[in-house]
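Please read all numbers here as calculations on a predicted model, not as lab measurements.
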Amino acid sequence: MKRRIVALLLPLLVAATAGCTAAGTEEAAAPSRPRAERPSPFEDCATLTTPPATPTADATDSTVGAGDPVPELTLSCFTGGAPVALRDVRGPAVINIWASWCPPCREELPAFQRLSKRAGDRLHVIGVNSQDSRSAAQSIGEDLGVGFPMLVDQGTALQRALNRNAFPLTLLVDPQGRVVHTDASGALDDVRLGELVREHLGVAVPA
């Protein structure tokens, strides 16, 4: 009799045990939740196609030394949204091409951030992160407090179009979309940036 009861209960015990194991396996195999992506330290790029305000009255003439139009390239914005055609960017503008692995780039980025704050709505300060990873660029932006709009050139398209391969590289673009000055002299500081902006773009930036 006892053997018959055991024989009847044994399948039920096996089934119950199998159910727990399956549930445990299913729970263990469930994909983990993806980590929330850190918010970008950089501003949106939507305003880049809107002309800055008229330069101050004491600004010099920005038509001196007219150059070539900016390259006909379209780059992604670091924060997403619609890509930006460089020829749609409305100057005056300062475009800084940089990478996180370039020491002079890291050295000068805070000066560009201060320029963007001091210039207010009189010119655009724009970054182009080139040949870099998103995580590295994000970390630099966070660590250095850099927040001006950032475009992304995953290869070297912009530098090839400019026939330049130096890092860092800074372009000064006038209201007509012409590159009136290209600087590859190394890390720029606040004083030198202010001089370049006044000389080539006609915008006087307060110290």
Side-chain angles (χ1 to χ4, degrees), residues 38-52 70-71 73-162 164-174 177 179-190 192-194 196-197 200-201 203 205:
R38 302 199 310 269
S40 169
F42 307 115
E43 295 174 13
D44 186 71
C45 303
T47 60
L48 299 182
T49 55
T50 302
V70 294
L73 289 174
T74 298
L75 300 176
S76 300
C77 181
F78 195 94
T79 59
V84 177
L86 289 183
R87 290 196 175 177
D88 289 341
V89 171
R90 293 293 175 259
V94 177
I95 301 176
N96 179 244
I97 304 168
W98 67 284
S100 64
W101 44 261
C102 159
C105 299
R106 298 195 301 270
E107 182 181 345
E108 70 176 4
L109 275 172
F112 283 90
Q113 175 63 26
R114 289 188 290 270
L115 175 67
S116 72
K117 294 301 182 186
R118 291 170 181 162
D121 60 356
R122 284 172 290 172
L123 62 82
H124 289 306
V125 176
I126 307 163
V128 176
N129 182 242
S130 179
Q131 302 180 55
D132 214 345
S133 70
R134 181 181 179 87
S135 60
Q138 168 117 0
S139 294
I140 290 293
E142 293 168 343
D143 293 345
L144 299 181
V146 174
F148 51 83
M150 193 65 58
L151 301 175
V152 179
D153 183 3
Q154 292 181 332
T156 58
L158 181 52
Q159 288 166 299
R160 289 199 308 271
L162 295 166
R164 301 270 188 157
N165 59 7
F167 275 97
L169 187 66
T170 299
L171 312 178
L172 278 75
V173 180
D174 72 5
V179 179
V180 294
H181 180 74
T182 303
D183 191 280
S185 61
L188 298 171
D189 59 19
D190 297 82
R192 183 59 182 149
L193 265 177
L196 292 174
V197 166
H200 298 286
L201 297 179
V203 179
V205 179

Gap between atom CG of L73 and atom CG of L158 - 0.5 Å precision | 6.0 Å

Mind listing the closest non-hydrogen atom pair of A166 and L169 along with its distance?
-> O-CB, 3.8 Å

Nearest-0.5 Å distance, CG of residue D190 to CZ of residue R114 | 4.0 Å

Under the ring pair (Phe, Tyr, Trp, His ring centres under 6.0 Å) rule, what pairs show up with a residue in residues 140-159, not counting sequence neighbours?
-> none

Separation between OG of S76 and CG of N129, rounded to the nearest 0.5 Å | 11.5 Å

Donor-acceptor contact present, side-chain R90 to main-chain D88, <3.5 Å | yes

Side chain to side chain donor-acceptor pair (under 3.5 Å) partners of residues 101-113, not counting sequence neighbours, each pair once | N96-E108

Side-chain contact test, heavy atoms from C-beta onward, threshold under 4.5 Å: evaluate it for L86 versus V173 and give yes or no.
-> no

Could you please spell out the steps behind the side chain to side chain contact (heavy atoms under 4.5 Å, CB included) verdict for V70 and V89?
-> CA-CA 9 Å; V70 294; V89 171; over 6 Å; no

Of all the heavy-atom pairs spanning P83 and T74, show the shortest one and how long it is.
-> CB-CG2, 3.5 Å

Shortest non-hydrogen contact between V203 and P92, atoms and distance = CG2-CG, 4.0 Å

Name the one of R160, Q154, Q159 that satisfies side-chain hydrogen bond (donor to acceptor under 3.5 Å, both in side chains) with T156?
-> R160

Step by step, work out the side chain to side chain contact (heavy atoms under 4.5 Å, CB included) result for W98 and V128.
-> CA-CA 6 Å; W98 67 284; V128 176; 5.8 Å; no

Pairwise distance OG(S40) to CE(M150) - rounded to 0.5 angstrom | 8.5 Å

What one should report as the nearest heavy-atom pair of S130 and G155 is OG-O, 3.0 Å

Could you tell me whether a side-chain N or O of H124 sits under 3.5 Å from a main-chain N or O of T50, the two making a donor and an acceptor?
-> yes

T182 and L162: CA distance, side-chain angles, deciding distance, side chain to side chain contact (heavy atoms under 4.5 Å, CB included) verdict = CA-CA 9 Å; T182 303; L162 295 166; 5.6 Å; no

Strictly by modelled atom types, are D132 and S100 linked by a side-chain donor-acceptor pair under 3.5 Å?
-> yes

Side chain to side chain, L75 and V84, heavy atoms closer than 4.5 Å | no

Any side-chain heavy atom of L188 within less than 4.5 Å of one from L196?
-> yes

Would a 4.5 Å heavy-atom cut-off, applied to side chains only, mark V94 and F112 as touching?
-> yes

Quick one: does I97's side chain get under 4.5 Å of D153's, heavy atoms only?
-> no

Counting only N and O atoms by type, is there a donor-acceptor contact under 3.5 Å from the side chain of R122 to the main-chain atoms of P52?
-> no

Side-chain contact test, heavy atoms from C-beta onward, threshold under 4.5 Å: evaluate it for L151 versus F78 and give yes or no.
-> no

For the atom pair CG (D174) and CG (L123), what is the distance rounded to the nearest 0.5 Å?
-> 12.5 Å

Min side-chain heavy-atom separation P149-E43 under 4.5 Å = yes

Is there a donor-acceptor pair closer than 3.5 Å between any side-chain N or O of T170 and the backbone N or O of A184?
-> no

